[in-house]
Amino acid sequence: MTSIAELYRLQEVDLELQSARDDLTDVQSRLGEPEELIEARRAAEECQEALRVAERDFKDREAEADEQGRKIEAPSQRMYEGKVTNPKELEDLQQEVESLTRRRGALDDEALAAMERLDEAERALAEAQRHLEELTGTTGAEQDELRARQSTLEGEIASLEGQRAELAAGGDEALLDRYDELRAGRQGQAVAKVQGGSCQGCRILLPVNLIQRARAGDEVVQCNNCERILYVT
Ligand SMILES: [Zn+2]
């Protein structure tokens, strides 16, 4: 590759490559789980754990209340059988039954409160799971799109790199070096077309002799303002 026209074509490929690589970087940064989804999964796990605790608590309290119920059976049976006739003994027995019954009532209340907490934990878990499923659905579709875009861009980049290698193959090394140097700091534009007597890189009106030299094509002519290599079509 020696002509400025080919160098200009190389620049077009390089600009496309840069744009595709930028797009790919953007796509790759958006691939993976978003923070919101990670947070929703964590919340659902916490609700699951809270439900396990609430279930255990309810079972314990229910068992305690049942146990208390069994403790009342024997003394209340003795009381109603009428076998205890000693008034003092009967009074003690009555007090024991009353005390056990009060305790049973308190334990029943605790078991009821535990059941309400269990219901609440079940509702919270259902809500957290619904939110998680919703997010998984939308995020899944978005991630599929991003993966498809990534694959398209990778294909485009491979094809452009192939074109670039072909264009640069056997080229004038010194010219390619100068091209690379000029690209840096000029938004990747080392070559500028000349149109209406102006450099299209910096829009300045060019001296006529400079345009003539560039048109002749015997040498590499650069803009006297922005130093871009001039390409007269
Ligand atoms: Zn210029």
Side-chain angles (χ1 to χ4, degrees), residues 1-40 134-233:
M1 184 200 68
T2 45
S3 81
I4 303 302
E6 284 168 316
L7 197 62
Y8 189 78
R9 175 71 197 121
L10 178 71
Q11 172 169 290
E12 283 180 325
V13 170
D14 277 341
L15 288 171
E16 277 182 64
L17 250 180
Q18 188 55 54
S19 160
R21 282 179 182 145
D22 287 350
D23 287 353
L24 183 62
T25 304
D26 175 54
V27 164
Q28 282 168 338
S29 75
R30 284 157 61 204
L31 274 168
E33 289 207 325
E35 194 56 40
E36 199 186 359
L37 181 60
I38 296 168
E39 183 49 48
E134 209 175 82
L135 278 180
T136 308
T138 52
T139 307
E142 198 182 279
Q143 293 288 306
D144 285 349
E145 251 175 60
L146 286 171
R147 270 190 290 276
R149 178 94 183 104
Q150 174 178 244
S151 150
T152 304
L153 284 168
E154 281 168 350
E156 276 174 26
I157 288 168
S159 154
L160 286 165
E161 280 171 345
Q163 288 179 47
R164 191 196 197 281
E166 250 175 63
L167 284 166
D172 178 339
E173 291 288 339
L175 181 58
L176 285 173
D177 283 349
R178 196 187 312 182
Y179 165 81
D180 283 335
E181 273 168 39
L182 288 167
R183 287 186 76 212
R186 288 178 182 77
Q187 289 91 41
Q189 292 188 313
V191 188
K193 276 187 178 179
V194 176
Q195 269 166 5
S198 298
C199 163
Q200 294 305 292
C202 68
R203 307 276 160 185
I204 205 167
L205 206 60
L206 295 159
V208 176
N209 71 323
L210 208 63
I211 299 173
Q212 281 169 344
R213 278 169 52 210
R215 181 174 284 121
D218 303 326
E219 58 182 322
V220 174
V221 180
Q222 290 174 247
C223 170
N224 57 338
N225 180 53
C226 70
E227 296 187 311
R228 287 188 176 89
I229 296 166
L230 294 172
Y231 173 37
V232 184
T233 51

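Counting convention: from 1, in listed order, for ligands and their atoms alike. From a predicted model like this one, the values you see are computed outputs, not experimental measurements. Positions are given from 1 along the sequence.
Neighbouring protein atoms of the Zn ion (ligand 1) (N, O or S, distance under 2.8 Å, waters ignored): C199 SG, C202 SG, C223 SG, C226 SG.
Contacts of R215 classified as side chain to side chain donor-acceptor pair (under 3.5 Å), with partners at least two apart in sequence or in another chain: none.
With rounding to the nearest 0.5 Å, the separation of CD in Q200 from CD in Q189 is 10.5 Å.
Using a cut-off of 4.0 Å between Lys/Arg side-chain N and Asp/Glu carboxylate O, R186 and E227 are scored as salt-bridged.
S151 and E154 share no side-chain donor-acceptor pair at under 3.5 Å.
The stretch residues 143-163 participates, sequence neighbours left out, in no ring-ring contact (aromatic ring centres under 6.0 Å, His included) pair at all.
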Side chains of residues 205-214: which donor-acceptor partners sit under 3.5 Å, not counting sequence neighbours?
{"residue": "R213", "atom": "NE", "partner": "E219", "partner atom": "OE2", "Å": "2.9"}
{"residue": "R213", "atom": "NH2", "partner": "E219", "partner atom": "OE1", "Å": "3.4"}

